[in-house]
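Residue numbers run from 1 in the order of the sequence given.
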Amino acid sequence: MAPQILRASERTPAPWKNGGGVTSEVAVHPEGAGTGDFAWRVSVADVAHSGPFSAFDGVDRIITVIDGPGMALTVDGTPHVVDAPYEPFAFPGDAVTECRLLGGPIVDFNVMVRRAGTTARVRIERSDTAVRPGAGTRVLAVVLAGTALLHGASVRLGRLDAALFSGEDCDTIGVDGVLAVVELVDLAGR
């Protein structure tokens, strides 16, 4: 089976849960789920101003800066500087989190999972990589910079395009830039 191709040009931006910014959903499970009932959700957000993050009870988050000078996060009172591009930072989504931009707007890549049913891992690839989801696992490959080529499917992905792999899907991805590979494991399916 071929992976599902998710083009950036087909996304519709939506306001954040707290109304403080705009996000574009890359993929969500189950399909059509909202912010209150997803098992996992992956998005790209434009952050123009400092301020509080939305709280998501029972959710774990992984955030990666992809454009801009970065941000200082205070998560439950503990400061963290997240200013290096393409370096994932994990934190609890239900923690009180404040964001201070470090010199201007940023774009970030967000992965959120309900910790009771799903785990996530984000790895950054800058060269060819193989994708082979295991049992109960889906893999979402998202181009953060440059392009990527799905060799088996002969599909080229541009910036912020994605491919969702599940079941027997597998491919080798040629990377000419930066690719985020998100492994989403359904704990009930293992």
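- In terms of heavy-atom proximity, Pro30 sits nearest to Ala39 at CD-N, 3.9 Å.
- Within the 4.5 Å cutoff, no side-chain heavy atoms of Val175 are placed close to those of Ser127.
- The hydrophobic clustering, which links ILVMFWY residues whose side-chain heavy atoms are closer than 4.5 Å, places Leu144 and Leu6 together.
- For the pair Pro88 and Ile63, the minimum side-chain heavy-atom distance is 4.5 Å or more.
- For the pair Val113 and Ala120, the tightest heavy-atom approach, listed with the atom from each and the gap, is CG1-CB, 3.6 Å.
- Taking CZ of Phe91 as the start and CZ of Arg61 as the end, the distance is 4.5 Å to the nearest 0.5 Å.
- In this structure, Phe89 and His80 have tilted ring planes: the angle between them lies in the 30° to 60° band.
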Worked check of side chain to side chain contact (heavy atoms under 4.5 Å, CB included) between Val59 and Arg115: CA-CA 5 Å; Val59 170; Arg115 70 179 64 102; 5.5 Å; no
Side chain to side chain contact (heavy atoms under 4.5 Å, CB included) assessment of Val65 paired with Asp83: CA-CA 7 Å; Val65 173; Asp83 62 349; over 6 Å; no
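- Here CZ of Phe56 is found 4.0 Å from CE of Met112. Values are rounded to the nearest 0.5 Å.
- Linking Ile, Leu, Val, Met, Phe, Trp and Tyr whenever their side-chain heavy atoms come within less than 4.5 Å puts Leu184 and Ile62 in one cluster.
- Counting heavy atoms from C-beta on, the side chains of Ser24 and Thr12 never come closer than 4.5 Å.
- Partners of Glu25 under the salt bridge (charged side-chain N to carboxylate O under 4.0 Å, His left out) rule, at least two apart in sequence or in another chain, are Arg41.
- Tracing side-chain contacts under 4.5 Å through hydrophobic residues (I, L, V, M, F, W, Y), one never reaches Phe38 starting from Val182; they form parts of separate clusters.
- Heavy-atom minimum distance, Asp169 versus Pro3: OD2-CA, 3.8 Å.
- Side chains of Val81 and Leu73 form no contact here, defined as non-hydrogen atoms less than 4.5 Å apart.
- The main-chain N or O of Gly58 is found under 3.5 Å from a side-chain atom of Asp94 such that the two form a donor-acceptor pair.
- With sequence neighbours excluded, the residues forming a side chain to side chain contact (heavy atoms under 4.5 Å, CB included) with Val44 are Val26, Ile66, Val107, Phe109, Leu160, listed by chain and number.
- With sequence neighbours left out, Val143 forms a side chain to side chain contact (heavy atoms under 4.5 Å, CB included) with Ala148, Leu157, Leu179.
- Linking Ile, Leu, Val, Met, Phe, Trp and Tyr residues whenever their side-chain heavy atoms come within less than 4.5 Å leaves Leu149 and Ile5 in two separate clusters.
- Of all heavy-atom pairs spanning Gly103 and Pro69, the tightest one is C-CG, 3.7 Å.
- A continuous path of ILVMFWY side-chain contacts below 4.5 Å connects Leu164 to Ile124, so both sit in one hydrophobic cluster.
- In this structure, Asp161 contributes its side chain and Ala8 its backbone to a donor-acceptor pair below 3.5 Å.
- Of the candidates Met71, Arg100, Glu98, Arg100 is the only one forming a side chain to side chain contact (heavy atoms under 4.5 Å, CB included) with Ser50.
- Test Asp46, Val82, Val47 against Ile106 for side chain to side chain contact (heavy atoms under 4.5 Å, CB included) and you get one pass: Val47.
- For Arg123, the salt bridge (charged side-chain N to carboxylate O under 4.0 Å, His left out) partners are Glu125, Glu183, not counting sequence neighbours.
- Atom CZ of Phe165 is separated from atom SG of Cys170 by 8.5 Å, given to the nearest 0.5 angstrom.
- Val122 has its side chain out of reach of Val181: every pair of non-hydrogen atoms, C-beta onward, lies at least 4.5 Å apart.
- Annotation for Ala153 and Asp171: closest pair N-OD2, 3.3 Å, computed over non-hydrogen atoms.
- Residues satisfying the side chain to side chain contact (heavy atoms under 4.5 Å, CB included) criterion with Asp128, sequence neighbours excluded, are His151.
- Taking OH of Tyr86 as the start and OG1 of Thr64 as the end, the distance is 10.5 Å to the nearest 0.5 Å.
- For residues 65-76, every residue pair satisfying the salt bridge (Lys or Arg N to Asp or Glu O under 4.0 Å) rule, not counting sequence neighbours, is listed here: Asp67-Arg159.
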Residues Asp186, Arg114; criterion salt bridge (Lys or Arg N to Asp or Glu O under 4.0 Å); working and verdict: CA-CA 10 Å; Asp186 178 357; Arg114 298 237 179 256; over 6 Å; no
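- In this structure, OG in Ser43 is found 9.5 Å from CZ in Arg11, a value given to the nearest 0.5 Å.
- Between the side chain of Ser9 and the backbone N or O of Arg7 there is no donor-acceptor pair closer than 3.5 Å.
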